[in-house]
Amino acid sequence: MTKDILISRRAVIASGIALGVTSFAPLTRAAAPLKVAGIHASPVENAWNSCLHKALQDAAKDGVIEYVFSEGVSGTDYPRAMREYAEQGNKLIIGEAYAVEKEARQVAADYPDTAFVLGSSGDQAGDNFGVFGTWNHDGAYLAGMLAGKMTKSNVVGSVGAIPIPEVNMLINAFAAGVKAVNPDAKHLVSFIGTFFDPPKAREAGLAQIDAGADILFGERIGTADAAKERGIKSVGSLVDYTPRYPDTVFANAMWYFRPILNAAIADVAAGKPVGRNYTSYGLMKEGGSDIVFVKGVAPAEAEAAMEAKRAEIKAGTFEVPKMMEEPK
């Protein structure tokens, strides 16, 4: 493993009481915590990685797992990190295959006794390579419903990372929510070409504001900085940005990794194959995603309509469209 990976690795091995979630109970009775490694291509402060990192830390605090991790692992070093964690005896490796789809599956094939469950735009492979997607598009759609009724310029914008299917789906869902309540609204889209570059996301957001947008959807961290600077409203993604930007971020399309993690841990603990797609555990109706918003910012009738649609999504009577094509 390269020096930078060794430096960035921190071990979190903790035990504690369970949080009272019933699905955790069978795991907490295990004879010993499961050894789990996390490999993060970006710093764990990055929103997506922070969701994984927090869920893994919480599982360690519950005594369900022992957790070690690396952050800021480049694509060229990623397969090496996977191999070293497997050779160190970790039974489950959590991470992301977006930059190393082919290589990650090759590593998994070389370590059939290690379970790999990685964020991916591809399919599962064999018995030990599972995948998951970041499907917080339900919350993005609902946030779009609020934004569509709030915009005064009739122009909203979205700043994304790279036009991969999941990022596209999230931005398209936000746009669909806007259009559902305001068909005449215009939607601007920018991609920054990387997963973590807050200054670049800020610049993209500023350009959209200059083009008339008065509400921004920040698929990437840094977008809210542009909104704050220009005094407009913004929507966050994956984590709750409102405490950091209390006068700017009025809604967040949340994503909670713990249900996906729980399912993967349960499969490994039971000796079941993890070669499947765990994405569905992250849906709103499964408790894996939601919207968090500040009441009273959007018009009351917009909030009521959004809450009604949220109830339909949770009940399974309405499904937010999954549009994977690149937004225009």
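Given the structure is predicted, the values throughout are model-derived calculations rather than measurements. Hydrogens, waters and symmetry mates play no part in the numbers below; they use all other heavy atoms, side chains included.
- Results of the ring pair (Phe, Tyr, Trp, His ring centres under 6.0 Å) test with Phe257 over Trp135, Phe132, Tyr281 single out Phe132 as the only residue that passes.
- In terms of heavy-atom proximity, Ala115 sits nearest to Val268 at CB-CG2, 3.7 Å.
- To the nearest 0.5 Å, atoms CE (Met306) and OH (Tyr141) are separated by 12.0 Å.
- Residues Glu45 and Phe196 meet the side-chain proximity criterion, which asks for heavy atoms closer than 4.5 Å.
- Side-chain N or O atoms of Ser153 include one that pairs as donor or acceptor with a backbone N or O of Gly212 at under 3.5 Å.
- Across all their heavy atoms, Gly287 and Pro259 have their closest contact at O-CG, 4.1 Å.
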Worked verdict on Arg230 versus Leu206 for side chain to side chain contact (heavy atoms under 4.5 Å, CB included):
CA-CA 8 Å; Arg230 295 293 180 85; Leu206 290 174; 3.7 Å; yes
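- Considering CD1 of Ile232 and CE of Met150, their distance stands at 10.0 Å, rounded to 0.5 Å.
- Inspection of the Thr151 and Asn182 side chains reveals no N or O donor paired with an N or O acceptor under 3.5 Å.
- Looking at Arg220, its side chain never comes within 3.5 Å of a backbone N or O of Pro198 through a donor-acceptor pair.
- A distance-only check finds no donor-acceptor pair linking the side chain of Glu66 to the backbone of Leu34 [under 3.5 Å].
- A distance of 6.0 Å or more separates the ring centres of Tyr241 and Phe250.
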Trace of the salt bridge (Lys or Arg N to Asp or Glu O under 4.0 Å) decision for Asp184 with Lys179:
CA-CA 7 Å; Asp184 297 326; Lys179 294 285 187 178; over 6 Å; no
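- Without hydrogens or angle criteria, Glu71 side chain to Val44 main chain gives a donor-acceptor distance under 3.5 Å.
- Residues Glu87 and Tyr85 have side chains not in contact (no heavy-atom distance under 4.5 Å, counting atoms from C-beta outward).
- Every residue two or more places apart in sequence or in another chain was checked for a side chain to side chain donor-acceptor pair (under 3.5 Å) with Gln106, and none qualifies.
- Electrostatic pairing of Arg202 and Glu229 counts as a salt bridge here, judged by a charged N lying under 4.0 Å from a carboxylate O.
- Side-chain contact check for Val159 versus Ile192: some heavy-atom pair is nearer than 4.5 Å.
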Should Val107 and Phe116 be marked as a side chain to side chain contact (heavy atoms under 4.5 Å, CB included) after you check the CA-CA gap, both sets of side-chain angles, and the distance that decides it?
CA-CA 9 Å; Val107 173; Phe116 298 84; 4.3 Å; yes
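- Between Ile221 and Arg244 there is a side-chain heavy-atom pair separated by less than 4.5 Å.
- What you find for Leu146 and Ala251 is that their closest heavy atoms are CD1-CB, 4.5 Å.
- Between Ser121 and Glu166, the side chains place no donor N or O within less than 3.5 Å of an acceptor N or O (distance only, hydrogens not considered).
- Salt-bridge check for Lys285 with Asp138: failed, with every basic side-chain N at 4.0 Å or more from each acidic carboxylate O.
- Using a 3.5 Å distance cut-off with no hydrogens or angles, the side chains of Asp123 and Asn277 do not pair a donor with an acceptor.
- Within the 4.5 Å cutoff, the side chain of Phe217 has heavy atoms near those of the Leu170 side chain.
- Here the closest heavy-atom approach between residue Gly95 and residue Leu118 is recorded as N-CD2, 3.1 Å.
- Between Pro273 and Asp267 the shortest heavy-atom distance is O-OD2, 4.1 Å.
- Under the 4.5 Å side-chain contact rule for hydrophobic residues, Leu52 and Tyr256 do not share a cluster.
- Note that CD1 of Ile94 and CZ of Phe69 are 14.5 Å apart. Values are rounded to the nearest 0.5 Å.
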Begin from the C-alpha positions of Leu216 and Gln208 and carry the test side chain to side chain contact (heavy atoms under 4.5 Å, CB included) through to its verdict.
CA-CA 8 Å; Leu216 297 181; Gln208 291 184 349; 3.4 Å; yes
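- In this structure, CD on Glu103 lies 10.5 Å from OG1 on Thr76, to the nearest 0.5 angstrom.
- Using a distance-only test at 3.5 Å, with no hydrogens or angles considered, no donor-acceptor pair links the side chain of Asn128 to the main chain of Val274.
- The backbone N or O of Met284 lies less than 3.5 Å from a partner atom in the side chain of Ser289, making a donor-acceptor pair.
- Considering CD of Glu307 and NZ of Lys295, their distance stands at 6.0 Å, rounded to 0.5 Å.
- Aromatic pair His40/Tyr78: centroids not less than 6.0 angstrom apart.
- Taking a cutoff of 4.0 Å between a charged side-chain nitrogen and a carboxylate oxygen, Asp214 and Lys233 do not qualify as a salt bridge.
- By the rule that hydrophobic residues join a cluster once side-chain heavy atoms approach within less than 4.5 Å of another member, Val181 and Val156 end up as members of one cluster.
- Side-chain atoms of Asp225 and Tyr245 include a donor-acceptor pair closer than 3.5 Å.
- Counting only heavy atoms from C-beta outward, the side chains of Met324 and Pro163 never approach each other to under 4.5 Å.
- Not a single donor-acceptor pair under 3.5 Å links the side chain of Thr114 to the backbone N or O of Lys91.
- Taking the six-membered ring where the residue is Trp, Trp48 and Trp255 present parallel rings, their angle staying beneath 30° rather than reaching 60°.
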As a quick check of understanding, evaluate side chain to side chain donor-acceptor pair (under 3.5 Å) for Glu96 and Asn49, giving each step before the final call.
CA-CA 9 Å; Glu96 51 201 285; Asn49 299 92; 2.8 Å; yes
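- Between Arg276 and Asp127, every side-chain heavy-atom pair lies at or beyond the 4.5 Å cut-off.
- Using modelled atom types and a 3.5 Å distance limit, the side chains of Ser158 and His187 yield a donor-acceptor pair.
- Smallest separation of non-hydrogen atoms from Pro299 and Lys149: CG-O, 4.0 Å.
- Contact of the Glu325 side chain with the Met323 side chain is registered, since non-hydrogen atoms from C-beta on lie closer than 4.5 Å.
- A salt bridge is absent between Glu84 and Arg80; no separation between the charged side-chain nitrogens and carboxylate oxygens falls under 4.0 Å.
- Linking Ile, Leu, Val, Met, Phe, Trp and Tyr whenever their side-chain heavy atoms come within less than 4.5 Å leaves Val292 and Ile313 in two separate clusters.
- In this structure, Phe293 has no ring pair (Phe, Tyr, Trp, His ring centres under 6.0 Å) partners at least two apart in sequence or on a different chain.
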Candidate pair Ile65 and Leu56, rule side chain to side chain contact (heavy atoms under 4.5 Å, CB included), full reasoning
CA-CA 8 Å; Ile65 67 172; Leu56 288 157; 3.9 Å; yes
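- The backbone N or O of Glu312 lies less than 3.5 Å from a partner atom in the side chain of Thr317, making a donor-acceptor pair.
- The CD atom of Gln57 sits 11.5 Å away from the CZ atom of Arg258 when rounded to the nearest 0.5 Å.
- Side-chain atoms of Asn252 and Thr242 form a donor-acceptor pair, as typed in the model, at a separation below 3.5 Å.
- Remark: side-chain polar atoms of Asp197 are paired, donor with acceptor, to backbone N or O of Lys200 under 3.5 angstrom.
- More than 12 heavy atoms of other residues, nucleotides or ligands sit less than 6.0 Å from atom NZ of Lys322.
- Not a single donor-acceptor pair under 3.5 Å links the side chain of Thr223 to the backbone N or O of Gly218.
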